[in-house]
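Down below is the structure, laid out as structure tokens.
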2 protein chains.
Amino acid sequence: MEKETRVFKDNVYAQLARIGKAISSPRRLEILDILMQGSKTVETIARETDMSVANTSQHLQTLLESRLVEYEKRGVYSYYKLADRTVANFIISLQLLAEKRITELQKLREEIYTNRDNIEQIKMSELIVRMKKGNVTLIDVRPKEEYEMMHIPGANSIPIEDLEKHLATLPINQEIVAYCRGRCCLLSVEAVEILRAHGFKAVRLEASVQEWLSQNDEYSNVHDCCNKKNSNIS
Amino acid sequence: MEKETRVFKDNVYAQLARIGKAISSPRRLEILDILMQGSKTVETIARETDMSVANTSQHLQTLLESRLVEYEKRGVYSYYKLADRTVANFIISLQLLAEKRITELQKLREEIYTNRDNIEQIKMSELIVRMKKGNVTLIDVRPKEEYEMMHIPGANSIPIEDLEKHLATLPINQEIVAYCRGRCCLLSVEAVEILRAHGFKAVRLEASVQEWLSQNDEYSNVHDCCNKKNSNIS
DNA sequence: TAAATATTCAATTGATCAATTGAATATTTA
DNA sequence: TAAATATTCAATTGATCAATTGAATATTTA
């Protein structure tokens, strides 16, 4: 192999590996999942991921270095977000690949359901059909700020901690579909548990908003999140 | 955050990170690119990547552990291959994401063309149109064994080292499109250089066969490579 | 201007990973 | 069966990375 080709390849693969390195840490994968919901401050991310602010900041610097995220300073706050939609799609494909190839992950996912009674899922394709017919109620159980940054069209925002207070507003004779942050999040599972315990017909949609978007691109109920205030503003 | 949720997330992200770790090494990314062309023995991979057999084997064990590759023992040989098509698609999306986000990589790619005169590219979409019209000649300049394992439909195999011997067989009045292993490989660039130096109209298709496949799924000139002999059999 | 707050930076430490080396193992052939 | 060959394994060493700690920096407010 020619020396020039060797140099080219070494350089090219080193650049590709920047992204690989960024997603080689479980912590950073979790951060990326959080940022899939919209932009967040460092301390919000730290709280969501149970890490110190300093450690979170370090990980975010790594994500910046690999160009997967961007940030904007607003006062004393730094708001981080995914660099663009292709990053979200890449993370989704990583998740789907792992689900397909890693049996240990398959097992973890199955345990969600074996550890709980009566949690059922709905596929996105079926949800789309049902929503067109109007015989389903879709609820987003993430924090309201995330709903406001982006959500599946037609969804109602009921953050998980408010769910029990809102039971009276929900139709007892219609199926309720609950979704949250995606495949690695249990909020929607909890929601379905609560709903079913109260006699509602409820199922989980495990796909995230970004997954919805990447499969239903003609919908556009997504606004750029950088001009929205994050929950830290009080 | 609940303890149970914490445990779930830690476990899930640890599993996802297995794939991240696998692609955090430049060397392994190069190996995956080689395996995108079809199954190979350890020593062939070692030779292609300029690594020792022992080091190559170590990296391959890492790729096995993350389920991105599989192998089959045949006599004293171990033939490694990508686990399935979703792995190839994932690597392609990594490459495309990096090309989009990493300016240093963009620069490396531009230098291919600034360091050489007159290398032009053709897009896959245009190639498809041209091939339907029949006014283009497509050549695959990879090693013949790779061509035989899989290739773009309609391509003629002319390994780069044979190209000058085959000039007489090529049409001087028709555009020739050369392709090779993909975006990180320079064989097709060299081929275009040679062809143009000899007065042919030649352009480069930088997409790989796997990219072709992921965008043109109705074609099926791909046979499972595990029943084919690798170039090491003499 | 000082105090309060959010974040980054730098140093340290322990953990993890990559390359090398050479022995061990498996397969084939004469 | 011994020799040749392909590959893996295990140990070692040096390099790299993650978490912690606390100082430094930037922003805002009274």
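A, B, ... follow the sequence lines: proteins, then strands. Residue 1 opens every chain.
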In sequence, state the C-alpha distance, the side-chain angles, and the governing distance for A:His59 and A:Arg28, and then conclude on side-chain hydrogen bond (donor to acceptor under 3.5 Å, both in side chains).
CA-CA 6 Å; A:His59 282 302; A:Arg28 285 197 289 279; 3.0 Å; yes

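Going from atom CD1 of B:Ile45 over to atom C1' of D:dA6 covers 13 Å, rounded to whole Å. Between the NZ atom of B:Lys40 and the P atom of D:dT7 there is a distance of 13 Å, given to the nearest Å. Spacing between atom CD of B:Glu30 and atom P of C:dA18 amounts to 15 Å, rounded to whole angstrom units. Atom CD of B:Glu72 and atom P of D:dT7 are 14 Å apart (whole Å). Across the protein-nucleic acid pair, B:Leu60 atom CG and D:dT8 atom C1' stand 11 Å apart, rounded to whole Å. B:Glu43 places its CD atom 8 Å from the C1' atom of D:dT5, with the value rounded to the nearest Å.
The aromatic rings of A:His151 and A:Tyr147 sit parallel to each other, their planes meeting at less than 30°, with 60° as the upper class boundary.
Summarising the geometry of B:Met36 relative to B:Ser208, their closest heavy-atom pair is CE-OG, 4.5 Å, with the distance given to 0.1 Å. Closest approach of B:Arg142 to B:Leu187, counting heavy atoms only: CA-CD1, 4.3 Å. In terms of heavy atoms, A:Ala178 sits closest to A:Ser188 at O-CB, 3.6 Å. The heavy-atom pair separating B:Arg67 from A:Arg101 by the smallest distance is O-NE, 2.8 Å.
Position along DNA chain D of the nearest nucleotide to A:Lys73 versus A:Asn55 favours A:Asn55 as the more 5'-ward residue. Projected onto DNA chain D by closest heavy-atom contact, A:Val76 and A:Thr62 fall at different nucleotides, the more 5' of which corresponds to A:Thr62. The nearest heavy atom of DNA chain C to A:Leu64 and to B:Gly75 marks one nucleotide each, and the one closer to the 5' end goes with A:Leu64.
Contact annotation: A:Tyr80 reaches the phosphate of C:dT8 (side-chain N/O to OP1 or OP2, under 4.0 Å).
When each of D:dT7, C:dT8, C:dT28 is scored by its nearest atom to the side-chain atoms of B:Tyr77, the top-ranked nucleotide is D:dT7.
Atom CD of B:Glu65 sits about 13.5 Å away from atom CG of B:Leu60, to the nearest 0.5 Å.
Between its opening and closing five pairs, the helix from C:dT1-D:dA30 to C:dA30-D:dT1 changes axis direction by 20°, a value rounded to 10 degrees.
Side-chain contact annotation: B:Gln15 with B:Arg18, donor-acceptor N/O pair under 3.5 Å present. Side-chain contact check for A:Asn89 and A:Glu211: no donor-acceptor pair (N or O, by modelled atom type) lies under 3.5 Å.
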Give me the distances for all protein-to-nucleotides 9-17 of chain D N/O pairs that come in under 3.5 Å?
unit_1 : atom_1 : unit_2  : atom_2 : d
D:dA10 : N6     : B:Gln58 : NE2    : 3.4

